[in-house]
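Have a look at the structure below before the remarks.
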Protein chains: 2
Amino acid sequence: MSTPHDQPAVDLAEDPNTVEGALALVRKHGGRVTSSRRFLLRVLFEVEGHHTAEELATAVQLQAPDIHISTIYRNLDELERLGVVVHSHLGHGPATYHLAAGAHGHLVCEECGATIEAPTELFAGLSRTARSRFGFDVNPHHFAVLGRCSACRSAGTHTTPTA
Amino acid sequence: MSTPHDQPAVDLAEDPNTVEGALALVRKHGGRVTSSRRFLLRVLFEVEGHHTAEELATAVQLQAPDIHISTIYRNLDELERLGVVVHSHLGHGPATYHLAAGAHGHLVCEECGATIEAPTELFAGLSRTARSRFGFDVNPHHFAVLGRCSACRSAGTHTTPTA
DNA sequence: GTCGATGCAAACGTTTTGCACACTG
DNA sequence: CAGTGTGCAAAACGTTTGCATCGAC
């Protein structure tokens, strides 16, 4: 995968895998290249893993304190429409955002909140069956699959209520 | 279907499959048998499918207008602790509640919101793999699996953005 | 009479929106 | 200069909580 970055400011195909490429995409779709957008994209490319809008806002605000969280939400929405980022719901609580390129499934423990990033193949069987039985096309990225992690299972409290 | 209700007030084993049985369970756990609880349980046993707290409140209020939605939430919580009801998240928006006896998985269309009630076996393969690969015990009931239903897929708009 | 349950209003955390102003192209 | 993006404040949404009162046992 040769990623030639000799001519950094010219080679701006609308490639959502770079900050400037994503901005080019935005521009192509009639949007403007603003500093808020660039700051947010920089943060998204720097941090790894899942982050709530609030966390992203905090990170952005280290560099540009006046960028408001509503701007973060609006920009995340737009970047999601353009396919640059995706959001996931990892249980109760706020949604988390990450670059679409790193999309994957999630297993989240209902007890301790631990998150396992699961390769999309984990869902291959489910996807196949859902497709053939129900004509349903599974998107394993948007909502996490809940359950209990091994640690909580060994700690071994309430599996079945009542009893 | 022999459902002998000759001695309606006596045969109250703590059987969560009847209104009075569930109330017996509540009492056994130190709770009181109140009319709010009975109304809510009656509604839960009468309606079928998934219902939000607000829908359940509206239904209860047809018979007892003063029962407040906070009471509905508190009672749903308690009934869930006792294993009588479960709640599920079927995508964005409010949680839905139904009797634990009818627990099942859900496939929910991200586009039109259509809900498919999927038998738990649909998740058997995923559960097995998650268990062996990650030591993770999948609970297929709590959060729906999102995706696209066949109708929306044929209608065939945006599957991949940009392109 | 004790203690759990209820109604109400108010708070909560997350996200969205209306508006006037600022900036990009 | 047209029109998109922004900051701010306020609303929206689903849910939870504090408190005084009420009701079950």
Side-chain angles (χ1 to χ4, degrees), chain A residues 12 20 22-41 50-58 60-61 63-82 84-97 113 142-143, chain B residues 9 12 20 22-41 50-58 60-61 63-82 84-85 87-97 113 142-143:
Chain A
L12 308 181
E20 295 306 319
L23 287 171
L25 232 181
V26 167
R27 189 155 33 202
K28 181 187 167 196
H29 283 258
R32 309 265 159 101
V33 175
T34 64
S35 54
S36 296
R37 294 222 233 263
R38 202 184 315 260
F39 276 122
L40 174 57
L41 280 164
H50 311 89
H51 297 278
T52 65
E54 194 164 25
E55 289 165 352
L56 295 170
T58 302
V60 163
Q61 285 159 0
Q63 317 223 31
D66 283 351
I67 294 179
H68 198 270
I69 190 158
S70 65
T71 299
I72 299 291
Y73 275 110
R74 286 191 268 228
N75 281 340
L76 286 170
D77 277 4
E78 162 131 47
L79 291 174
E80 187 151 26
R81 251 178 275 123
L82 298 179
V84 177
V85 310
V86 295
H87 77 272
S88 320
H89 300 272
L90 306 182
H92 302 142
T96 62
Y97 295 81
H142 190 181
F143 273 77
Chain B
L12 309 181
E20 296 305 320
L23 287 171
L25 231 182
V26 168
R27 187 153 37 202
K28 182 187 166 198
H29 284 257
R32 310 253 161 108
V33 175
T34 64
S35 54
S36 297
R37 294 223 232 263
R38 202 185 316 259
F39 276 122
L40 174 57
L41 280 164
H50 310 90
H51 298 278
T52 65
E54 193 163 26
E55 289 165 351
L56 294 170
T58 301
V60 163
Q61 285 159 0
Q63 316 222 30
D66 284 351
I67 294 179
H68 199 270
I69 191 158
S70 65
T71 300
I72 299 290
Y73 275 110
R74 288 191 266 231
N75 282 340
L76 286 171
D77 277 4
E78 161 130 48
L79 291 173
E80 188 151 27
R81 252 179 272 124
L82 298 178
V84 177
V85 311
H87 76 273
S88 320
H89 300 273
L90 306 181
H92 301 143
T96 62
Y97 295 81
H142 190 182
F143 274 76

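The figures here come from the full heavy-atom set of this structure, side chains too, leaving out hydrogens, waters and symmetry mates. Proteins come first, then strands; the chains are lettered A, B, ... in the order of their sequence lines, and each starts at number 1.
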Please write out each protein N/O paired with an N/O of nucleotides 23-25 of chain C under 3.5 Å, distance rounded to 0.1 Å.
unit_1 : atom_1 : unit_2  : atom_2 : d
C/dT24 : O3'    : A/Val33 : O      : 3.4
C/dT24 : O2     : A/Arg32 : NH1    : 2.5
C/dG25 : OP1    : A/Val33 : N      : 3.2

Pairwise side-chain contact, B/Leu41 with B/Val84, heavy-atom cut-off 4.5 Å (strictly under): yes
pair B/His92-A/Phe143: side-chain heavy atoms closer than 4.5 Å: yes
Close side-chain approach of B/Tyr73 and B/Ile69, heavy atoms under 4.5 Å: yes
Separation of C/dG4 C1' from B/Lys28 NZ (nearest whole Å): 19 Å
Non-neighbouring partners of A/His51 that pass ring pair (Phe, Tyr, Trp, His ring centres under 6.0 Å), sequence neighbours left out: none
B/His92 NE2 - D/dT15 C1' separation (whole Å): 17 Å
Euclidean distance, atom CG of residue B/Asn75 to atom P of D/dT15 [Å, nearest integer]: 15 Å
5'-most by nearest nucleotide on DNA chain D - A/Ser36 or B/Glu54: A/Ser36
Heavy-atom side-chain proximity of A/Val86 to A/Glu80 below 4.5 angstrom: yes
Sugar-phosphate, base or nothing in reach of A/Ala95, heavy atoms under 4.0 Å: sugar-phosphate
DNA chain C: 5'-proximal contact among B/Thr71 and A/Thr52 (nearest heavy atom): B/Thr71
Spacing of B/Arg38 atom CZ relative to D/dG23 atom P, expressed in whole Å: 16 Å
Spacing between B/Ile72 atom CD1 and C/dC8 atom P, to the nearest angstrom: 13 Å
Expected output: side-chain B/Arg37 to main-chain B/Asn75 donor-acceptor under 3.5 Å: no
Proximal nucleotide (of D/dG5, D/dG14, C/dT6) relative to the B/Pro94 side chain: D/dG14
Side-chain touch A/Leu76/A/His87, heavy atoms, less than 4.5 angstrom: no
Donor-acceptor under 3.5 Å (B/His29 side chain, B/Gly31 main chain): no
B/Leu23 CG to C/dA5 P, straight-line distance once rounded to whole Å: 12 Å
d(NE2, A/His87; C1', C/dT14) in whole Å: 12 Å
All N/O pairs under 3.5 Å across the protein-nucleotides 16-21 of chain C interface:
unit_1 : atom_1 : unit_2  : atom_2 : d
C/dG18 : O6     : A/Arg74 : NH1    : 3.3

Nucleotide D/dG5, atom P - distance to CG of A/Leu41 in whole Å: 13 Å
Side-chain heavy atoms of B/Ile67 within contact of B/Leu40, under 4.5 Å: no
